[in-house]
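Everything on this sheet refers to the single structure shown next.
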Amino acid sequence: MRFACAFFFVLADFLGAFAEIYLRFVFIVERHEPELFRMIGEAVKHAEDLKQLALDDSIVSLNRENEDEARGKLCSELSKGVSALIDLSWSPWEEAEHLASEAGVPIIRTALGPQPLVAAIDRYLESRNATDAAILLESEIDVDKVLYELLGRSNTRIWVHAGLTRDSARALKTMRPDPSFYVLVGGSGFVMETYKRAVKEKLVRRVYRWNLVFTDYLDLSALDLSSVVQPTMILQAHPEDCCRIIASKDCTCSDSFEKTQATLNSLIAYLVDAFGRIDGTFMVKARVDCGDVHSDMSDTKEALHRIFVEDIDNNETVFYWDQERSGLFLRHRYVLSSYKPDSGLEAVAVWSANQEYRLLPGVTLEPLKHFFRVGTSPAVPWTLPKLDPETGDPLYNEDGQPIYEGYCVDLIQKLSEAMNFDYEIVSPRSGGFGRRLPNGSWDGVVGDLTTGETDIAVAALTMTAEREEVIDFVAPYFEQTGILIAIRKPIRKTSLFKFMTVLRTEVWLSIVAALVLTGFMIWLLEKYSPYSAKNNPGAYPYPCRDFTLKESFWFALTSFTPQGGGEAPKALSGRTLVAAYWLFVVLMLATFTANLAAFLTVERMQTPVSSLEQLARQSRINYTVVEGSSTHQYFINMKFAEDTLYRVWKEITLNATSDQAQYRVWDYPIREQYGHILLAINASGPVADAETGFKQVNDHTDADFAFIHDSAEIKYEVTRNCNLTEVGELFAEQPYAIAVQQGSRLQEDISRALLELQKERFLEQLASKYWNETLRQSCSDADESEGITLESLGGVFIATLFGLGLAMITLAWEVFYYKRKEKNKVQSTKENVERPPIKSAKLGGKMAVGVARLRKRATKIGKKKNVTIGDSFKPSVSYISVYPKGDYRP
């Protein structure tokens with residue numbers, strides 16, 4: 001829209017005295033700030049009194065919802081004459097800027113609220129690579145001012161609110177993603193009270209995330225900062241700026257200091273002074289007709305701008321000129337301080353409003369860590385609820401979230417150290433790892449990622465094509481997971497005489513019978529064989545073993561020992577029997593040894609089933625899964641695949657043409673094991689959780705119940721439960737991976753961090769920590785793989801000890817019997833000494849008869865021709881004593 005303009009010029013003669021200047025300012029004010037009308041009037045009056053000149057002012061209330069009305073008011077005021085437009089609105093008004101540009105009227109913007117300080121803290125946040133911030137201000141008007149100030153100028157995503165109530169605190173807690181920084185802007189009273197409420201609402205958790213911006217000019221050293229619980233950044237304008245605004249060298253600005261009024265007073269006074277410095281040939285006032293606009297004040301405008309530019313380098317001026325924004329703004333000196341509860345305040349940066357933010361020499365700020373919400377879901381041993389060591393109850397943090405430990409928690413901690421970020425572990429409000437709901441949304445860990453509730457998911461999360469449609473996966477961190485079968489170890493009957501069970505009872509009885517029979521037959525053959533040593537003493541002149549019935553049995557028994565039975569019978573018949581018996585002994589010993597080794601070995605290695613196929617084909621062992629788990633879904637999917645393949649095969653087979661004869665087969669080429677497995681699972685009943693499944697397996701002591709579940713959890717449980725064992729090979733293998741939101745920049749960063757952890761073998765260390773096979777050493781059967789236990793062969797030692805005890809008893813009997821016999825001999829000798837001599841004669845006669853018999857027998861032997869040793873054999877008896885040994889004689 002073009003405007004026709006006409007100027008009616010009023011020339012003012014500048015004779016060097018302000019009393020001869022007549023200026024008229026038109027102010028543009030937002031309609032939401034009616035209090036500025038009074039302040040503007042007081043500021044104009046203050047300038048008149050200060051400069052001793054006449055000023056005129058007019059105020060245009062800007063209603064942005066009805067700008068036509070405001071434009072009409074502006075044109076009406078411009079037609080009365082104007083020296084400059086002073087724009088006090090929250091953002092530039094295009095209509096006013098357009099009119100001023102065409103008419104050449106100076107238009108000057110300024111900021112009367114917290115905008116300059118907010119712009120200053122925004123520079124600091126950008127230096128900290130802030131992506132978002134929550135700003136809390138005193139009033140709704142300040143909120144609008146800050147929004148207009150930052151929109152289009154700040155690179156930080158902001159959330160602005162007036163004050164902090166319970167509702168706004170709840171909104172901040174549930175905001176996703178969490179704000180990187182929080183900024184409190186206002187007077188010292190408002191800022192400190194709001195900070196205390198934030199602490200009470202548990203919003204203050206991380207260091208240097210809260211920033212306090214004081215709009216007043218109080219000395220921070222006199223301010224009580226004891227309620228600041230975390231290291232915090234504090235920004236304020238230098239207290240001396242207050243004195244510069246009111247043009248006082250020594251002043252103190254209290255809490256009731258009217259900053260807006262003082263700023264207006266100083267601004268108008270500065271503008272009046274600037275107009276006074278313009279060459280007297282220039283117009284300082286012009287009437288503008290919006291219908292016919294002419295640009296005859298351009299020279300005045302340029303001269304005024306030159307004065308503003310010249311004053312930029314003059315640090316004594318209260319305002320500085322911003323050419324880009326066409327505004328005069330307070331030349332604040334910003335002081336940024338770091339506050340730590342343990343060390344107090346420390347200034348880190350000081351800069352002027354017309355300068356760039358910079359730190360003080362030698363000052364470096366601590367690098368701030370990123371903050372991420374990490375989602376996880378309970379799973380053994382990946383994410384375990386941490387328990388109180390005394391009560392055993394789960395522990396919770398101050399927000400009511402459970403405290404976890406486990407493989408994933410250790411991995412999160414290591415990643416946070418490698419990538420330098422802080423984190424909070426969050427469990428899903430509904431669901432587990434995540435499944436697609438009927439409405440297309442997701443629950444669980446995956447659902448939290450899709451809604452932005454979490455930034456990263458570190459859990460026992462399998463990579464599936466369905467999940468990859470809504471989230472992004474990082475490289476797998478665990479590739480050895482799948483499905484395994486857990487079963488209880490059969491309870492073996494322990495017996496000290498287990499070695500005796502290698503052979504059945506009838507075999508042992510047969511061995512005993514063979515031993516007895518052989519011993520009896522040796523005695524019988526030795527007694528009746530004419531060629532035995534007993535019946536043919538002449539053939540064996542040396543002492544030979546006398547095979548009495550007792551000796552025969554001893555020979556048969558000792559033949560089972562490595563040293564053998566000793567001297568064998570001399571007769572051929574006896575030797576034939578012994579040879580056959582020895583062959584029997586060798587075969588029985590070899591058979592017993594081989595069967596004992598096999599028996600003890602197979603007993604340790606024996607398991608009821610060794611694969612999923614065997615489990616599906618048998619009917620003695622029942623088995624189950626966790627209802628609704630990925631394992632359960634696996635069997636459901638495999639059953640569906642089998643049914644689908646069967647229908648396709650049946651259709652091809654029944655409808656095959658002559659050219660498709662190869663499809664006509666009698667037997668279905670695919671095993672239908674998954675259908676049988678699913679029927680067996682449904683018959684046993686799926687369990688509610690893994691703990692129940694392991695309990696059922698443990699309760700079936702006959703090893704007739706199996707639990708099919710995630711391999712990682714089964715291996716973890718096996719290392720901690722001595723009764724359980726895993727059978728079969730791993731199947732349905734799927735890796736576990738970390739997930740992030742789609743398109744997240746974290747995907748590449750986490751991938752690099754995982755690669756470094758793999759190089760450091762950290763993942764292997766985690767695996768050995770949570771699947772520690774050495775824990776099974778505490779099991780009672782842990783050493784069975786290394787040898788036979790004492791329980792299996794303890795009977796051997798008992799038999800040895802029994803033999804030792806029996807030998808000691810026999811020794812005691814022998815000593816007793818010998819002493820008794822010796823005692824009887826002594827008594828008999830005494831009785832013989834006391835008898836009459838006639839008895840001695842009779843005894844001597846008997847001895848003579850005995851000697852005669854011996855000589856007669858020797859004579860008979862001497863007449864025989866068969867002599868085995870020497871040329872002749874002359875047995876003789878020289879003397880036989882019937883008295884006891886010793887010196888005693890009757």
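Between atom CG of residue L50 and atom CG of residue D273 there is a gap of 9.5 Å, rounded to the nearest 0.5 Å. Atom CD1 of I234 sits about 10.5 Å away from atom CD1 of I121, to the nearest 0.5 Å. In this structure, R109 CZ and D322 CG are separated by 10.5 Å, a value rounded to the nearest 0.5 Å. Atom-to-atom distance recorded for L218:CG and F257:CZ is 11.5 Å, nearest 0.5 angstrom. Note that CG of D142 and OG of S139 are 3.5 Å apart. Values are rounded to the nearest 0.5 Å. Separation of atoms CG (L235) and CG (L184) is listed at 12.5 Å; rounding is to 0.5 Å.
Closest non-hydrogen pair, P114 versus V146, comes out as CG-CG2, 4.2 Å. Heavy atoms only, all atoms of each residue included: F308 and L271 are closest at CZ-CD2, 3.7 Å. Annotation for P106 and M297: closest pair CD-CE, 4.1 Å, computed over non-hydrogen atoms. Contact record, L55 with V44: CB-CG1, 3.8 Å, taken as the closest heavy-atom pair. Of all heavy-atom pairs spanning D216 and Q236, the tightest one is O-NE2, 3.9 Å. Contact record, S227 with V199: O-CG2, 4.4 Å, taken as the closest heavy-atom pair.
Looking at Q741 and D455, their side chains come closer than 4.5 Å, going by heavy atoms from C-beta outward. Considering only heavy atoms from C-beta on, V183 stays 4.5 Å or farther from V118 through its side chain. Taking the side chain as every heavy atom from C-beta outward, W321 and L328 approach each other to under 4.5 Å. Between V213 and V191, the closest side-chain pair of non-hydrogen atoms is not below 4.5 Å. Proximity of T364 to L359: side-chain heavy atoms (C-beta onward) are nowhere separated by under 4.5 Å. Between F27 and S58 there is no side-chain heavy-atom pair separated by less than 4.5 Å. Two residues are said to be in side-chain contact when any heavy atoms from C-beta on lie closer than 4.5 Å; I28 and I86 fail this criterion. Considering only heavy atoms from C-beta on, I246 stays 4.5 Å or farther from N265 through its side chain.
Classification of E240 and R333 as a salt-bridged pair holds, one side-chain N sitting under 4.0 Å from a carboxylate O. Using a cutoff of 4.0 Å between basic side-chain nitrogens and carboxylate oxygens, E69 and R31 are not scored as salt-bridged. Comment: E356 does not engage R123 in a salt bridge, judged by the lack of any side-chain N to carboxylate O separation of less than 4.0 angstrom. For the pair D422 and R206, the salt-bridge criterion is not met [side-chain N within less than 4.0 Å of a carboxylate O]. Under the 4.0 Å criterion applied to side-chain N and carboxylate O atoms, K45 and D57 are not assigned as salt-bridge partners.
By the neighbour-count criterion of 12 heavy atoms within 6.0 Å, atom CD of Q323 is densely surrounded, having more than that number from other residues, nucleotides or ligands. Other residues, nucleotides and ligands contribute more than 12 heavy atoms inside 6.0 Å of the CD atom of E35. Within 6.0 Å of the NZ atom in K200, the count of heavy atoms belonging to other residues, nucleotides or ligands does not exceed 12. Other residues, nucleotides and ligands contribute at most 12 non-hydrogen atoms within 6.0 Å of the NE2 atom of H370. Atom CZ of R153 has more than 12 heavy atoms from other residues, nucleotides or ligands within 6.0 Å.
Without hydrogens or angle criteria, S154 side chain to T156 main chain gives a donor-acceptor distance under 3.5 Å. With hydrogens and angles disregarded, a donor-acceptor distance shorter than 3.5 Å links the side chain of T174 to the backbone of R170. Between the side chain of K173 and the backbone N or O of E201, at least one donor-acceptor pair lies under 3.5 Å. Not a single donor-acceptor pair under 3.5 Å links the side chain of T450 to the backbone N or O of D448. Using modelled atom types, one side-chain atom of T194 and one backbone atom of F190 make a donor-acceptor pair closer than 3.5 Å.
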Could you walk me through whether L99 and C290 pass the side-chain contact (heavy atoms from CB on, under 4.5 Å) check? CA-CA 8 Å; L99 279 174; C290 292; 4.1 Å; yes
Stepwise side-chain contact (heavy atoms from CB on, under 4.5 Å) check, V272 with F25: CA-CA 10 Å; V272 171; F25 298 128; 4.2 Å; yes
Give the intermediate values and the outcome of salt bridge (charged side-chain N to carboxylate O under 4.0 Å, His left out) for residues R24 and E77. CA-CA 10 Å; R24 188 170 190 271; E77 297 300 331; 2.9 Å; yes
Carefully, step by step, assess R176 and D178 under the rule salt bridge (charged side-chain N to carboxylate O under 4.0 Å, His left out). CA-CA 5 Å; R176 298 295 177 266; D178 289 346; 2.7 Å; yes
Given the rule in the side-chain contact (heavy atoms from CB on, under 4.5 Å) test, do M233 and S338 qualify, once you have shown the distances and angles that lead to the verdict? CA-CA 5 Å; M233 302 303 293; S338 170; 4.0 Å; yes
Could you walk me through whether Y357 and L336 satisfy the side-chain contact (heavy atoms from CB on, under 4.5 Å) test, starting with their C-alpha distance in whole Å, then the side-chain angles of each, then the deciding distance to 0.1 Å, before giving a yes or no? CA-CA 10 Å; Y357 160 80; L336 181 66; 3.9 Å; yes
List the steps, then state whether salt bridge (charged side-chain N to carboxylate O under 4.0 Å, His left out) holds for E33 with K145. CA-CA 11 Å; E33 293 186 291; K145 291 179 180 180; 2.7 Å; yes
Determine whether H46 and E42 satisfy the following criterion, side chain to side chain donor-acceptor pair (under 3.5 Å), listing intermediate values before the conclusion. CA-CA 6 Å; H46 175 269; E42 293 181 3; over 6 Å; no
Do E316 and R244 pass the salt bridge (charged side-chain N to carboxylate O under 4.0 Å, His left out) test, and can you show the C-alpha distance, the side-chain angles, and the key distance before you say yes or no? CA-CA 8 Å; E316 297 300 324; R244 296 177 61 192; 5.8 Å; no
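In this model, a donor atom of one side chain and an acceptor atom of the other lie less than 3.5 Å apart for H98 and E102. Of the N and O atoms on the side chains of S168 and T165, at least one donor lies less than 3.5 Å from an acceptor on the other residue. Side-chain contact of R331 with T317: a donor-acceptor pair under 3.5 Å is present, judged by distance alone. No donor-acceptor contact under 3.5 angstrom links the side chains of S89 and Y148, judged on distance only. Checked by atom type, the side-chain pair R128/S180 shows no donor-acceptor distance below 3.5 Å.
Note: H32 and W90 have parallel aromatic rings, judged against thresholds of 30 and 60 degrees for the angle between ring planes. Aromatic ring pairs are classed by plane angle as parallel below 30°, tilted from 30° to 60° and perpendicular above 60°; the pair W351 and Y334 is tilted.
Ring centers of F372 and Y423: at least 6.0 Å apart, outside the cut-off.
Partners of R325 according to the salt bridge (Lys or Arg N to Asp or Glu O under 4.0 Å) rule, which considers only residues two or more places apart in sequence or in another chain, are E149.
Judged by the 6.0 Å and 45° rule, R373 forms no cation-pi pair with F421.
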